[in-house]
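Accompanying notes for the structure given below.
Worth knowing before you read on, the calculation uses all heavy atoms, side chains too, and leaves out hydrogens, waters and symmetry mates. We're numbering straight along the sequence, starting at 1. In listed order, ligands and their atoms are each counted from 1.
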Amino acid sequence: MDFYEAVKSRRTVRDFKEEPVDMEVIKRILSAGLKAPSNDHLRNWEFVILNDKSEIEKVLKKIPKKVTEKRLEFIVNSMGLKNECQQKMYQDAIPKQYSMLHNAGCLVLPFYRQKAPLLAPKTLSSLNGFASIWCCIENIFLAAAAEGLACSMRIPMTGETEYLAEVMGCPTDYFMPCFLSIGYPAEEAAVIEQKEVKIEDKIHINKW
Ligand SMILES: Cc1cc2nc3c(=O)[nH]c(=O)nc-3n(C[C@H](O)[C@H](O)[C@H](O)COP(=O)(O)O)c2cc1C
């Protein structure tokens, strides 16, 4: 697929067919991740790949399976979102946090080595490891799009990170920035309208 076509077709999808993804395809996608720029040039990244439902269920134990309509309305209203695209995104996202990770053909947990405490950075460069893994994650998304696959991500909430480290038995200096699901989109998968932003409104030539 043409690069710009892959960029355009990469969209967050939270409805998946329960169909496995071939391991060779997953390896190709993650290899694209490994080509991303890395602050220390070491690519201190590790990926836990889960394709066994009972293991996936264990990992997702802390994520609520369902959210009532009332609770969803309360959360979205309390966010005070003015933009309609944003409101629709949260209405789609909040109830599907568990199912999008559970139903996709493959769940990937990306880890990177975090040397200084992530939540108490002293300098901007203390965040370089965190920034680098996000470069890696975007490459993964684009490669998945080029393979005709869909992705979604979840930032772990309080308690989920600690629980995960415990069940994964990962080294204490490794940190997971998000859950990643990769799979075949469901027939009627919702793709939320992307907020239109014109490049002409975003560039500043020579001066802000
Ligand atoms: C840093 C970051 C955090 C995100 N966190 C979540 C999340 O926790 N759950 C979720 O469903 N989507 C999450 N998303 C996906 C966004 O909702 C999505 O990218 C956005 O709505 C734009 O849609 P698009 O990816 O289709 O362009 C996150 C995206 C980013 C970049």
Nearest neighbour in protein (non-hydrogen) for [atom]:
atom                    : answer
atom 27 (O) of ligand 1 : Gln194 NE2, 2.6 Å
atom 22 (C) of ligand 1 : Thr12 OG1, 4.7 Å
atom 5 (N) of ligand 1  : Ile155 CG1, 3.4 Å
atom 1 (C) of ligand 1  : Trp134 CH2, 4.1 Å

**Request:** Could you list which atoms of ligand 1 come closer than 4.0 Å to a heavy atom of Ala93?
**Result:**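 Atoms satisfying the 4.0 Å criterion: 11 (O).
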**Asked** What are the atoms of ligand 1, with element, lying closer than 4.0 Å to any heavy atom of Arg154?
**Response**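 Under 4.0 Å from Arg154, ligand 1 has these atoms: 7 (C), 8 (O), 9 (N).
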**Asked** To the nearest 0.5 Å, how far apart are CD in Glu160 and SG in Cys178?
**Response**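 If we round to the nearest 0.5 Å, Glu160:CD and Cys178:SG are 12.0 Å apart.
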**Asked** If you measure from CG on Leu109 to SG on Cys170, what distance do you get to the nearest 0.5 Å?
**Response**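 That separation rounds to 9.5 Å.
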Do the side chains of [Y] and [X] get nearer than 4.5 Å, heavy atoms only?
X      : Y      : answer
His102 : Lys53  : yes
Asn139 : Cys136 : no
Lys27  : Met23  : yes

**Prompt:** Heavy-atom distance to atom 21 (O) of ligand 1: which of Met89, Arg14, Lys88, Glu138 wins?
**Reply:**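 Nearest option to atom 21 (O) of ligand 1, by heavy atoms: Met89.
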**Asked** For atom 9 (N) of ligand 1, which candidate among Lys195, Glu193, Met153 holds the nearest heavy atom?
**Response**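 Going through Lys195, Glu193, Met153 one by one, Met153 has the nearest heavy atom to atom 9 (N) of ligand 1.
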[X]: heavy atom below 4.0 Å from ligand 1, yes or no?
X      : value
Met100 : yes
Gln97  : yes
Arg10  : yes

**Item:** Test item: protein heavy atom less than 4.0 Å from atom 29 (C) of ligand 1
**Value:**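 Yes.
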**Prompt:** So Phe130 and Tyr112, would you call those rings parallel, tilted or perpendicular, with 30° and 60° as cut-offs?
**Reply:**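 Rings of Phe130 and Tyr112: tilted, 30 to 60°.
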**Message:** Has Lys122 got a side-chain atom pairing as donor or acceptor with Ala116's backbone, closer than 3.5 angstrom?
**Reply:**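 No, Lys122 side chain to Ala116 backbone: no donor-acceptor pair under 3.5 Å.
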**Message:** If we count only N and O atoms by modelled type, under 3.5 Å, do the side chains of Ser38 and Ser132 hold a donor and an acceptor together?
**Reply:**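 There is no such pair between these side chains.
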